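Read the structure below first, then the notes.
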Amino acid sequence: MADLENYRTWIQQLLSEYAKRRSTKGEVEIQTIFDVERDHYQLMYMGWENKQRVLGPVIHIDIKEGKVWIQWNGTEEQVADDLMELGVPREDIVLGFHPPHLRKFTEFAVS
């Protein structure tokens, strides 16, 4: 249970730091969305750029069955490496954006 609380804290810390570092163009806002009850965490862009609507997740992380699932990473940030630096062991990180049959070729958990 201590790991779960740490994972929640570290994910929120990491996404908040990414949000501070990112620059935006036009009227695009960066939002962090934390659903701690259901363990869904996102960094999102929302707004307008050159009369075009910008809306969508940039990073999406879930915690499922005690593991940290990186569901989407639309940045150049090394999210898995940054999570490991905070203390999440490699075997508790799943690269959910890879197809299940290819995850066994990564250095991370399969599921």
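Please read these numbers as outputs of a predicted model, since none were measured by experiment.
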Q: Kindly write out the residues that satisfy side-chain hydrogen bond (donor to acceptor under 3.5 Å, both in side chains) with Glu27, not counting sequence neighbours, or none if the list is empty.
A: none

Q: Drop me the distance from Glu17's CD to Glu77's CD, to the nearest 0.5 angstrom.
A: 10.0 Å

**Q.** For Thr32 against Ala19, the heavy-atom pair lying closest together
**A.** CG2-CB, 3.9 Å

Q. Do Gln71 and Lys64 have side-chain heavy atoms sitting under 4.5 Å apart?
A. yes

Q.
Counting C-beta onward and ignoring hydrogens, is there a side-chain heavy-atom pair between Ile63 and Tyr41 closer than 4.5 Å?
A. yes

Q: Name all residues meeting the side chain to side chain contact (heavy atoms under 4.5 Å, CB included) criterion together with Ala80; count only those two or more places apart in sequence or in a different chain, and write none if there are none.
A: Ile70, Ile93, Leu95, Phe108

Q.
Is the shortest side-chain heavy-atom distance between Tyr18 and Val58 below 4.5 Å?
A. no

Q. Can any side-chain N or O of Lys67 pair as donor or acceptor with the backbone N or O of Ser111 at less than 3.5 Å?
A. yes

Q | Point-to-point distance, once rounded to the nearest 0.5 Å, from CG of Asp92 to CG of Leu4 | A | 10.5 Å

Q: Output yes when Asp39 and Arg8 qualify as a salt bridge under the 4.0 Å nitrogen-oxygen rule, no when they do not.
A: yes

Name every donor-acceptor pair, under 3.5 Å, that has one atom in a side chain of residues 43-52 and the other anywhere in the protein, sequence neighbours excluded.
| residue | atom | partner | partner atom | Å |
| --- | --- | --- | --- | --- |
| Tyr45 | OH | Arg22 | NE | 2.7 |
| Tyr45 | OH | Arg22 | NH2 | 3.4 |

Q: Calculate, to the nearest 0.5 Å, the distance between atoms NE2 and NE2 belonging to His40 and His60 respectively.
A: 6.5 Å

Q: Kindly give the heavy-atom pair with the smallest separation between Glu91 and Ala109, and that separation in Å.
A: O-CB, 3.3 Å

Q) Has Trp72 got more than 12 heavy atoms of other residues, nucleotides or ligands less than 6.0 Å from its CH2? A) no

Q) Which pair of heavy atoms, one from Gly66 and one from Tyr7, lies closest together, and at what distance? A) O-CE1, 3.5 Å

**Q.** Contact summary for Gly96 and Arg103, nearest pair of heavy atoms
**A.** O-NH2, 3.6 Å

Q) When clusters are formed by joining ILVMFWY residues with side-chain heavy atoms under 4.5 Å apart, either directly or through shared neighbours, do Val36 and Trp69 land in the same one? A) no

**Q.** Distance in Å, Leu15 CG paired with Lys20 NZ, rounded so as to fall on 0.5 Å steps
**A.** 12.0 Å

(Q) Using a 3.5 Å distance criterion without hydrogens, assess whether the side chain of Asn6 forms a donor-acceptor pair with backbone atoms of Trp10. (A) no

Q. Which heavy-atom pair separates Val110 from Val94 by the least distance, and what is that distance?
A. O-CG1, 3.8 Å

Q) Do the side chains of Ile59 and Ile33 join up, straight or via other hydrophobic residues, at under 4.5 Å, putting them in one cluster? A) no

